[in-house]
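The structure appears below as structure tokens.
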Amino acid sequence: MNAGRIYRHIEVEPLTPTIGATLHGVDLARPLTDDAFEEIHAAWMAHQVIFLRDQHISAEQHLAFGRRFGELHIHPAAPYAHGNPELMMIHTDKESFRQNGAGWHSDVSADEEPPLGSILHLETVPKHGGDTLFASMYEAYDTLSEPMRALLDGLTARHESDYTGQYGDHKPQREFPKASHPVIRTHPVTGRKALFVNAGFTRRIEGLSRRESRALLDFLFEHIKNPAFQCRFQWQPHSIAMWDNRCVQHVAIWDYYPETRSGIRVTVKGDRPFH
Ligand code: SIN
């Protein structure tokens, strides 16, 4: 979708032929015209995860940009900034015992209506490391054999979250979600099919025996790790990464202890996934 599109308001520099692009000519601290917004959205849909550098934005500007894409999502359990649960804190320092997003996942896929996208702005980054990897679930689906796709196409899987103990003393915002979703979902904008199971939240494939489900999920969790499906983002202070949770999984690498990596994620509500 949008391959070969001419952009008039932004410049789009792909990172790989499969996934990821850096956008130039965008300053989210200034008003964004509808035309420029439409191009950002088109580039996002085409490249699945997009990156912006040198974005010196306030929390209000971050929220306002997120709201251009839809209503904002509230994480079930994560601490937030400025007393606003729409501003999820992503923070790791020398006191941390874990880092958010340390395994491959799609954000809060255990919600009945999982968030469509996440917009992460990091202000403080380690001198080296702290990269985030993104993998295309379109590519993961497209590279499966025809019989495997036919098998997966009709199946649903159970997604469950349990954030107990993950955020110290912070009181959760709501009950930990659980939901059943198609194993293969159709993207509501692009119409492409994407694999929608992830090691972070997917517990079992429904209708299969426990052993069958385990074997199939283990295979799929390995399959998505193919480097050919991925791009890797090296953060700088005030970078933004925004990923489409409907077709992308990501993992954040905690290789910089005891340094600090810190910022805010604004997350956009999505729809119920469909086959
Ligand atoms: C997350 O899963 O939202 C964290 C991603 C990151 O810190 O790079």
Side-chain angles (χ1 to χ4, degrees), residues 15 19-20 22 44 48-53 55 59 62-63 65-66 69 72-81 85-111 114-137 159 161-163 166-167 170 173 176-177 196-202 221 224-225 230-270:
L15 246 75
I19 179 171
T22 304
W44 194 24
Q48 307 152 58
V49 53
I50 54 177
F51 308 106
L52 303 166
R53 300 283 189 192
Q55 300 297 316
H62 195 169
L63 289 165
F65 181 59
F69 298 93
L72 299 184
H73 172 270
I74 292 178
H75 194 277
Y80 46 84
E86 293 169 337
L87 294 167
M88 177 182 172
M89 283 201 308
I90 299 288
H91 181 95
T92 312
D93 63 23
K94 64 179 186 324
E95 309 299 336
S96 303
F97 56 90
R98 65 177 284 279
Q99 174 180 268
N100 268 301
W104 282 105
H105 69 289
S106 168
D107 290 326
V108 202
S109 69
D111 264 343
L116 68 84
S118 303
I119 306 168
L120 177 60
H121 180 240
L122 290 188
E123 291 197 351
T124 308
V125 301
K127 194 152 182 274
H128 305 290
D131 298 353
T132 310
L133 268 60
F134 298 91
S136 169
M137 293 304 107
H159 296 235
S161 60
D162 183 355
Y163 298 95
Q166 291 192 14
Y167 295 108
H170 179 77
Q173 278 74 257
F176 302 151
F196 196 63
V197 290
N198 68 86
F201 295 105
T202 313
F221 295 164
I224 69 113
K225 294 181 188 163
Q230 299 174 11
C231 69
R232 179 175 184 132
F233 186 56
Q234 293 185 305
W235 293 87
Q236 295 165 357
H238 306 288
S239 296
I240 287 179
M242 48 190 286
W243 55 91
D244 183 337
N245 285 301
R246 299 166 293 192
C247 58
V248 172
Q249 290 191 36
H250 61 284
V251 61
I253 302 171
W254 192 14
D255 54 359
Y256 50 86
Y257 185 88
E259 284 188 77
T260 299
R261 179 179 183 274
S262 189
I264 300 284
R265 190 180 97 191
V266 165
T267 310
V268 185
K269 274 189 188 173

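We count ligands from 1, going down the list as the structure has it; atoms in each ligand are counted the same way.
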_Side-chain H-bond candidate by donor/acceptor type, Asp107 with Thr267, under 3.5 Å_ = no
Are there any protein N or O atoms under 3.5 Å from the N or O atoms of ligand 1? List them with distances, or say none.
| from | atom 1 | to | atom 2 | distance (Å) |
| --- | --- | --- | --- | --- |
| ligand 1 | 2 (O) | His105 | NE2 | 3.1 |
| ligand 1 | 2 (O) | His250 | NE2 | 2.8 |
| ligand 1 | 3 (O) | Arg265 | NH1 | 2.7 |
| ligand 1 | 7 (O) | Arg261 | NH1 | 2.7 |
| ligand 1 | 7 (O) | Arg261 | NH2 | 3.3 |
| ligand 1 | 8 (O) | Thr132 | OG1 | 2.6 |
| ligand 1 | 8 (O) | Arg261 | NH2 | 2.7 |

**Prompt:** Given the side-chain rings of Phe196 and His159, with only the six-membered ring counted for Trp, is the space between their centroids under 6.0 Å?
**Reply:** yes
Report the C-alpha distance between Asp93 and Arg261 in whole Å, list the side-chain angles of each, state the deciding distance to 0.1 Å, and finish with yes or no for salt bridge (Lys or Arg N to Asp or Glu O under 4.0 Å). CA-CA 7 Å; Asp93 63 23; Arg261 179 179 183 274; over 6 Å; no
Rounded to the nearest 0.5 angstrom, the OH-OH distance for Tyr167 and Tyr80 is 13.5 Å
Q) Is there a donor-acceptor contact under 3.5 Å linking the side chains of Trp254 and Thr92? A) no
ask   = With a 3.5 Å cut-off and no angle check, do the side chains of Gln99 and Tyr257 form a donor-acceptor pair?
value = no
